[in-house]
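What follows is a short report on a single structure.
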Amino acid sequence: MKKGDHLFLVDGSGFIFRAFHALPPLTRKSDGLPVGAVSGFCNMLWKLLTDARDTSVGVTPTHLAVIFDYSAKTFRKDLYDAYKANRSAPPDELIPQFGLIREATRAFNLPCIETEGFEADDIIATYARQAEATGADVTIVSSDKDLMQLVTPNVHMYDSMKDKQIGIPDVIEKWGVSPEKMIDLQAMTGDSVDNVPGIPGIGPKTAAQLLAEYGDLDTLLDRAHEIKQEKRRQAILENADKARLSRELVRLRSDVPLVLGLDDLVLEVQNGPKLIGFLKALQFTTLTRRVAEACNCDASAIEAADVKVEWGSAAHGPDLDAVEPEPVAGGIPDVEGAAVPIPVKAKPASKGFTPAELARTRAEAFAALPFDHSTYVTIRDLATLDKWIADARATGLVAFDTETTSLDAMQAELVGFSMAIADNDKNPAGVKTRAAYLPIGHKNGVGDLLGGGLADNQIPMRDALPRLKALLEDESVLKVAQNLKYDYLLMKRYGVETKSFDDTMLMSYVLDAGTGAHGMDSLSEKFLGHKPIAYKDIAGSGRANVTFDLVDIERATHYAAEDADVTLRLWMVLKPRLAAAKLTAVYERLERPLLPVLARMEERGITVDRQILSRLSGELAQGAARLEDEIYALAGEKFTIGSPKQLGDILFGKLGLAGGSKTKTGQWSTSASVLEDLAAAGFELPRKIVDWRQLTKLKSTYTDALPGYVHPQTKRVHTSYSLASTTTGRLSSSEPNLQNIPVRTLEGRKIRTAFISTPGHKLISADYSQIELRVLAHVAEIPQLTQAFAEGIDIHAMTASEMFGVPVDGMPAEVRRRAKAINFGIIYGISAFGLANQLSIERSEAGDYIKKYFERFPGIRDYMDSRKQMARDKGYVETIFGRRINYPEIRSSNPSVRAFNERAAINAPIQGSAADVIRRAMIKIEPALAEAGLADRVRMLLQVHDELIFEVEDADVEKAMPIIVSVMENAAMPALEMRVPLKVDARAATNWDQAH
DNA sequence: GTCCGACCGTA
DNA sequence: TTACGGTCGGACG
């Protein structure tokens, strides 16, 4: 080694711990082996070896070694028996990764160094000093503060996770002392993790200050009697010996006997196949591809290496193995009993073909199965159509997709129908798929002379539709679609009621809620490694966009058949995963049956009185105009009131009001709370702005927008519910969103009066009372809460009484209000910051409230801690009915991201369980009404999270209400008997405002 | 035309 | 402090 060389010393052990906590908990797809740290390590090494110039290090190494701790027993233990005594065993997920990172190092052809009796840090110190002596530069790949004492002008550290180089100035900035004084600083502060004692009461700030004053530890100890602060002097004098001992513990040795000399660390060329073999074994697909490209290897020709895995304790065995080894022949056992047909040859039962194994095999096989658009068929004649339908019947499984003229299923017209079928095959997937497109309503292009006429060679609708109906309504054929609710509703409008179905979007939602989108394109890329043709590529976008009926049939075939093909393959991958993850019951009881229920609700729609809205619109316009004049007068000029930017300039610039807060982009915040504060301080303008905002909001979002959603034929408003767009299991509503119709203010409630029943009918609104707090009482098992709910006591008043010792009788409203805010805060995963904001109190006071709450209800803290722990351990939390919500970022190194995920993980089981309860109620309500002879006479129209709205004939109102209430209150049963009763309030009226 | 941030309506 | 969707202004291409 010589001047100009650059030695990289990677702190292998440190990296494992750091990466484990900083990176999302990645596991190997096939068996759940935890490999997050290994993946981070391999990616980091590859980057350093190939393009370290792109990192903040700026140079590629000439020499490199990866250093590990050998064992816990080192010379430090002889110096101080308690050294690292309070280290607990590493988490289960880490154990296999220690060995794997050593294997990875060898696969990279790099020296893997450890020496008995010494820590990795000492070896690093020794190499660093030796290399420095030759004039070479050194980069220590670590961010451990224990190594900072080694930093010199020629020795840098590199934090690979943050891509940040650490030099002398960075050490000074972080610790307030230069690197050579780090030893003294650590000697004083000690280290609770390693159990280095230090001087009690001295932290990094004090230590740095003392070192600045006295120069070094020895001088300080000699002159300690000069220190003015009583306590500090005493602590230092009493603990001088401990400080000296600590100094020896933190001082790194640079005289470790080394087997490999510096010149043995020279960087060798990579052995591509060896490295690829290892990466394939760990299933790091992206890096495998990169390495293969870089070394010009064909990765598919290289076999995965036989990597030995030491799983460590059995406790963390992969979830996939937790399923009972039930043999599967030909199909996957279905919770409801019936095996779902899958056209896969039955494997011998003796092989123990479990859902987990099938899931793994399928995932691997389909990830590599290519798509061939040239095989897609366009169906032009009845014989071909009948053959495809017969094949679907024969295999019992068909994926389908509809092509239409609109994204709105209530307005769309059917243009074409695609389907995909699976046949047995000897390839690894066990099947091959084929797909066809049936054009029905394609028109000649606009430029065509015949413009607008039906294109030639299409089977007429009157011939095609009965055949499609027979297939879709055939219960012995499983239909698979992506976002089936759309196709279901569309086909229902054509008189077809789809029976026996699966929806790949819902399957993905049940399996992977929280990990990303569930749309077809993302699922296809994720599971099939294939990017489907984009809609806009065949139909254009923006101004040039055309409806699907104008798309050329050949191009339409490629697009549409591919969608059916993708859907079928996704189903192949997802279906066994459901069984393997034991989520079939959630999917089949909470998800799939809701789909037709929602489709019917959307189809029914609700009547909106356009006259009422138009009158309101006029009133709002008048009110807003009046306020505008007053606002301009107060501001002294005209401006765009709706522009937060301009408004901020007026309020805090021109008028010079003391601005509250800034938004994250640095703009003045003009939020309602800021304006309210200013109004309370006596300013006129902010009040008027708040009022203006309310009026214009109501006008633009509701009274002006809603009439545009009235359907031209039905004259009703048909919202669209999304089953898979929240993480918690709630529904969402859009176009229009009928889950945020105003209710809190008098002005806003007028909008609700426009939602009316048909003449001769009433609207019934039935809503759960305090359902989330009841769920909290149930899951956290809080005796006072369950008792209060059992006795029907005012829950917020009870909370206030417990916390503040105020009797419920004659309780001031403000006291109850605070308790209410705290109760909600608990559900949201409370923080002192958030509660302080909500109540406009000091953070310390909010902190006191929370402390008090936890003292009175210790079960709440246990519950919150347990949810955080579960999210960290398993990566997900679950509702009382077993729905899973994943939190892949719960271990983020960013504290605010982590805290956010923790709060969400606390909230999700509560919000999600409540969502599950109302889902169950919605699924049960129709059969219950039918049994009472009220089918079709009582029609469920809307859901607003804890409220259901029905439209009922006047004569049936009295009969319907108790049924609705009873089904809702007993919705959790028989699956679950809750510790608290559920309570539902119901009312009937001719409009939503009065019914609510 | 498309995207993003600020804001605000609901549970 | 949780979960959403819609509207607007304003910046971007």
Side-chain angles (χ1 to χ4, degrees), chain A residues 513-514 536 540-545 639-648 661-675 689-690 693-706 708-709 719-722 725-745 747-749 751-752 767-773 776 821-839 843 846 849-850 864 867 885 899-912 914-915 918 942-947 996:
Chain A
K536 67 174 192 319
S541 65
R543 183 178 283 274
N545 131 298
F639 65 103
T640 310
I641 307 171
S643 162
K645 189 172 138 70
Q646 292 185 33
L647 177 60
S661 54
K662 297 258 180 106
T663 67
K664 64 181 169 197
T665 53
Q667 299 267 326
W668 287 110
S669 169
T670 66
S671 69
S673 70
V674 169
L675 298 181
I689 303 282
V690 170
R693 281 215 182 128
Q694 193 202 5
L695 299 188
T696 52
K697 171 91 175 177
L698 293 176
K699 184 168 184 292
S700 65
T701 307
Y702 303 104
T703 60
D704 287 353
L706 279 172
Y709 287 102
T719 182
S720 174
Y721 288 104
S722 170
S725 56
T726 71
T727 47
T728 55
R730 274 193 178 180
L731 304 177
S732 75
S733 156
S734 63
E735 294 178 285
N737 181 355
L738 295 186
Q739 290 180 325
N740 71 345
I741 302 301
V743 70
R744 289 178 191 174
T745 65
E747 277 299 298
R749 286 178 60 157
I751 290 163
R752 290 206 167 205
D767 68 301
Y768 284 104
S769 157
Q770 311 278 17
I771 188 168
E772 293 195 347
L773 277 174
L776 175 68
I822 296 167
N823 276 334
F824 276 104
I826 295 293
I827 289 171
Y828 297 152
I830 204 153
S831 76
F833 180 84
L835 184 63
N837 242 350
Q838 177 68 29
L839 287 176
R843 201 185 305 189
Y849 284 177
I850 295 169
M864 295 174 89
R867 292 314 89 183
I885 301 108
F900 176 75
N901 276 271
E902 288 173 352
R903 290 193 299 270
I906 290 166
N907 172 256
I910 304 170
Q911 187 184 115
I918 196 162
L942 303 178
Q943 189 251 42
V944 191
H945 307 309
D946 65 359
E947 174 188 15
H996 185 73

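In the text below, chain A, chain B and the rest are named by the order of the sequence lines, each starting its count at 1.
Taking 4.0 angstrom as the limit, A/S643 places a side-chain polar atom (N or O) nearer than this to OP1 or OP2 of C/dG10. The side chain of A/R744 places an N or O atom within less than 4.0 Å of a non-bridging phosphate oxygen (OP1 or OP2) of B/dT10.
Residues A/K662 and A/W668 form a side-chain contact, since some pair of their non-hydrogen atoms from C-beta on lies under 4.5 Å apart. Counting heavy atoms from C-beta outward, A/T703 and A/L698 have side chains that stay 4.5 Å or more apart.
Separating the CD1 atom of A/I918 from the C1' atom of C/dC4 is a distance of 15 Å, rounded to the nearest angstrom. As rounded to whole Å, 9 Å separates atom C1' of C/dG9 from atom CD of A/Q646. Protein atom NZ of A/K536 is 16 Å distant from nucleotide atom P of B/dG1, rounded to whole Å. Distance CZ (A/F639) to C1' (C/dC8): 15 Å, rounded to an integer number of Å. One atom, CD of A/Q943, and another, P of B/dT10, lie 17 Å apart when rounded to the nearest Å. At whole-Å resolution of the value, CD in A/Q694 and P in C/dG6 are 21 Å apart. Put simply, CE on A/M864 is 11 Å from P on C/dT2, counting in whole angstrom units. Atom-to-atom, CG of A/L695 to C1' of C/dC8 comes out at 16 Å; the value is rounded to the nearest Å.
The residue A/F824 sits apart from the nucleic acid: no heavy atom pair falls under 4.0 Å. No contact: A/E772 has no heavy atom under 4.0 Å from any strand. Heavy atoms of A/F900 sit under 4.0 angstrom from primed sugar atoms or phosphate atoms, though from no base atom. Within the 4.0 angstrom heavy-atom criterion, no nucleotide atom of any strand lies near A/I827. In this structure, A/A832 reaches neither bases nor backbone, as no heavy-atom distance under 4.0 Å exists between it and the strands shown. When heavy atoms are screened at a 4.0 angstrom cut-off, A/G829 is found touching no nucleic acid atom at all.
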Please tabulate the protein-to-nucleotide N/O contacts below 3.5 Å involving nucleotides 3-7 of chain B, giving atom names and distances.
from  : atom 1 : to     : atom 2 : distance (Å)
B/dA6 : OP1    : A/T663 : OG1    : 2.8
B/dA6 : OP1    : A/T665 : N      : 3.4
B/dA6 : OP1    : A/T665 : OG1    : 2.5
B/dC7 : OP1    : A/T670 : N      : 2.7
B/dC7 : OP1    : A/T670 : OG1    : 2.8
B/dC7 : O3'    : A/R693 : NH1    : 3.2

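The side chain to side chain contact (heavy atoms under 4.5 Å, CB included) search around A/R693 returns A/L647, A/T670, A/L675, A/I689, not counting sequence neighbours. For A/D946, the side-chain hydrogen bond (donor to acceptor under 3.5 Å, both in side chains) criterion is met by no residue, not counting sequence neighbours. Contacts of A/E735 classified as side chain to side chain contact (heavy atoms under 4.5 Å, CB included), with partners at least two apart in sequence or in another chain: A/Y709. Residues that satisfy the side-chain hydrogen bond (donor to acceptor under 3.5 Å, both in side chains) test with A/S734, not counting sequence neighbours, are absent from this structure. The side-chain hydrogen bond (donor to acceptor under 3.5 Å, both in side chains) check on A/T726 picks up A/Y509, with sequence neighbours excluded. Scored by the side-chain hydrogen bond (donor to acceptor under 3.5 Å, both in side chains) test, A/Q838 finds no partners at all (sequence neighbours excluded). For the ring pair (Phe, Tyr, Trp, His ring centres under 6.0 Å) test, residues two or more places apart in sequence or in another chain that qualify with A/Y849 are A/F804.
With C/dG5, C/dT2, C/dG10 as the choices, the nucleotide that has an atom nearest any side-chain atom of A/S725 turns out to be C/dG5. For A/A904, the side-chain atoms get nearest to C/dT2 when compared with the rest of C/dG10, C/dT1, C/dT2.
DNA chain B lies under 4.0 Å from at least one heavy atom of each of the following residues of residues 728-743 of chain A: A/R730, A/Q739, A/N740, A/I741, A/P742, A/V743.
Evaluation of A/Y828 against the base of C/dT1 yields no stacking contact (centre distance < 5.5 Å, interplanar angle < 30° required).
Among all heavy-atom pairs drawn from A/T640 and A/Q646, the shortest one is N-OE1, 2.9 Å.
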